[in-house]
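From a predicted model like this one, the values you see are computed outputs, not experimental measurements.
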Amino acid sequence: MKARKLEATPRAVARRLLPWFRRHARDLPWRHTRDPYAIWVSEIMLQQTQVRTVIPYWTRWMEQLPDIASLAAAPLDLVHKLWEGLGYYSRARNLQKAAQIIVDRHHGRFPIDLPAILDLPGIGPYTAGAVASIAFNQPAPILDGNVIRVLARCFLIDQPVRAAATRGLLWRRATAILEASRSLARLPHPQFPLPVNCSAFNQSLMELGVTVFPPRLPDCSHCPLRDVCSPRHSCRIASS
């Protein structure tokens, strides 16, 4: 008898993603810290840039500008030099502007409050959610191209992603499964000093989108959601 297809509920997704991430998380340098500054720099560098390119840049940056105060006070020439080759130099300038604001308004400490994070230059909803959840274990959902591919296939969403209604639906799905992850039994990971469901879960969504759900040819045979993901979905949303 053919096994019955399971339903892709937020809880079902969370139950599968967290153990999968424990086993398959890539060993990335910014995953060995809970420092919000280090995580923030990595997230900004990773915008439109591949991980393998970012790693040496992030390492050099953190060696020469190890904290918010050093970035705020650094000569702009040094900031540009450390960024040289990554492109989109406005990202580097916004990093320094934000660091200076943090020094002036937040006593040099990266803000924990999500609205305060969003007020910083160069930080949008995705980056704010990523830093808040990864560094502070805040229940802040995230939504980028990688996460969209996962949610679209799993929940059979094929409307154009640029449509406001579709974006709203995706944000609601991301929020629902993040909340479901918080209700599960905690699954400590050796890379994290605390049993951090919000941090691990958001990273698991990103990780799945990068390693199993690239824009073309998803690797369904190695997907932890294969028993709840609809096989009828064509992933058209990934390129919409």
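- Taking SG of C198 as the start and CG of L178 as the end, the distance is 4.5 Å to the nearest 0.5 Å.
- Between the side chain of Q203 and the backbone N or O of I134, no donor-acceptor pair lies under 3.5 Å.
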Practice problem: Start with the C-alpha gap between Q47 and Y88, add the side-chain angles, then the distance that decides, and say whether side-chain contact (heavy atoms from CB on, under 4.5 Å) holds. | Solution: CA-CA 10 Å; Q47 293 173 3; Y88 303 98; over 6 Å; no
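- Rounding to the nearest 0.5 Å places NE2 of H24 at 8.5 Å from OG1 of T211.
- Under the 4.5 Å side-chain heavy-atom criterion for Ile, Leu, Val, Met, Phe, Trp and Tyr, V210 and V147 are members of distinct hydrophobic clusters.
- The shortest side-chain heavy-atom distance between D67 and D35 does not fall under the 4.5 Å cut-off.
- Atom CZ in R26 sits 11.0 Å away from atom CZ in R52 (nearest 0.5 Å).
- Contact of the Q138 side chain with the I112 side chain is registered, since non-hydrogen atoms from C-beta on lie closer than 4.5 Å.
- Judged by distance alone, with hydrogens and angles left aside, the side-chain atoms of D219 form no donor-acceptor pair with the main-chain N or O of V212 at under 3.5 Å.
- In this structure the side chain of F136 never reaches within 4.5 angstrom of the side chain of R34, judged on heavy atoms.
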* Please step through side-chain contact (heavy atoms from CB on, under 4.5 Å) for the pair M62 and W30, ending with a clear verdict. => CA-CA 10 Å; M62 295 305 298; W30 45 85; over 6 Å; no
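- Note on R105 versus D119: no salt bridge recorded, every NZ/NE/NH1/NH2 to OD/OE distance being 4.0 Å or above.
- In this structure, N202 contributes its side chain and A140 its backbone to a donor-acceptor pair below 3.5 Å.
- Cluster membership for W40 and I101, using ILVMFWY side-chain heavy atoms within less than 4.5 angstrom, is shared.
- Separation of atoms CG (L78) and CG (L71) is listed at 9.0 Å; rounding is to 0.5 Å.
- Looking only at side-chain heavy atoms (C-beta outward), L65 and V41 stay at 4.5 Å or farther from each other.
- How far CD1 of I44 is from CD1 of I39: 12.5 Å, rounded to the nearest 0.5 Å.
- Contact annotation: the side chain of L151 approaches that of I177 to within less than 4.5 Å [non-hydrogen atoms, C-beta and beyond].
- V13 and C154 get closest at one heavy-atom pair: CG2-SG, 3.6 Å.
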Notebook entry, point to check: Please walk me through it: do F110 and L120 pass side-chain contact (heavy atoms from CB on, under 4.5 Å)?
Noted result: CA-CA 10 Å; F110 197 94; L120 297 173; 4.2 Å; yes
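- The nearest pair of heavy atoms linking R226 to H222 is NH1-C, 4.1 Å.
- Remark: the backbone N or O of P160 is paired with a side-chain donor or acceptor of T166 at under 3.5 angstrom.
- With contacts defined as side-chain heavy-atom distances shorter than 4.5 Å, the pair R149/R153 does not qualify.
- A128 and L118 get closest at one heavy-atom pair: CB-CD2, 3.6 Å.
- The environment of CG in L76 is crowded: more than 12 heavy-atom neighbours from other residues, nucleotides or ligands sit within 6.0 Å.
- Figure legend: R173 and F155 shown as a cation-pi pair, the cationic atom lying under 6.0 angstrom from the six-membered ring centre and within 45 degrees of its axis.
- At distances below 3.5 Å, not a single donor-acceptor pair connects side-chain atoms of T53 with backbone N or O atoms of T49.
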* **Stepwise side-chain contact (heavy atoms from CB on, under 4.5 Å) test for F213 and N146** => CA-CA 7 Å; F213 279 97; N146 297 311; over 6 Å; no
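- At least one side-chain heavy atom of V150 sits less than 4.5 Å from a side-chain heavy atom of L225.
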If you apply the rule salt bridge (charged side-chain N to carboxylate O under 4.0 Å, His left out), what do you find for E207 with R31, and how did you get there? CA-CA 12 Å; E207 192 80 354; R31 285 183 174 163; 2.6 Å; yes
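- By the criterion of side-chain heavy atoms lying less than 4.5 angstrom apart, applied directly or through intervening Ile, Leu, Val, Met, Phe, Trp or Tyr residues, L114 is not grouped with I142; the two fall into different hydrophobic clusters.
- The side-chain tip of R60 points at the ring of Y57 from less than 6.0 angstrom away and within 45° of straight on.
- Among the candidates L95, V131, I117, the single residue satisfying the side chain to side chain contact (heavy atoms under 4.5 Å, CB included) test with I123 is I117.
- Side-chain contact between F21 and F201: absent, with no pair of heavy atoms (C-beta onward) separated by less than 4.5 Å.
- When atom types are taken as modelled, the side chain of T127 and the backbone of G124 share no donor-acceptor pair closer than 3.5 angstrom.
- Taken from CG in L28 to CD1 in I55, the straight-line distance is 5.5 Å, to the nearest 0.5 Å.
- When all heavy atoms of R15 and P19 are compared, the pair lying nearest together is O-CD, 3.0 Å.
- Minimum heavy-atom separation, P141 to T175: CG-OG1, 3.3 Å.
- Residues E43 and R91 are not paired through a salt bridge, judged by the lack of any N-O separation under 4.0 Å between the basic side chain and the carboxylate.
- In this structure, V103 and A69 approach most closely via the heavy-atom pair CG2-CA, 4.3 Å.
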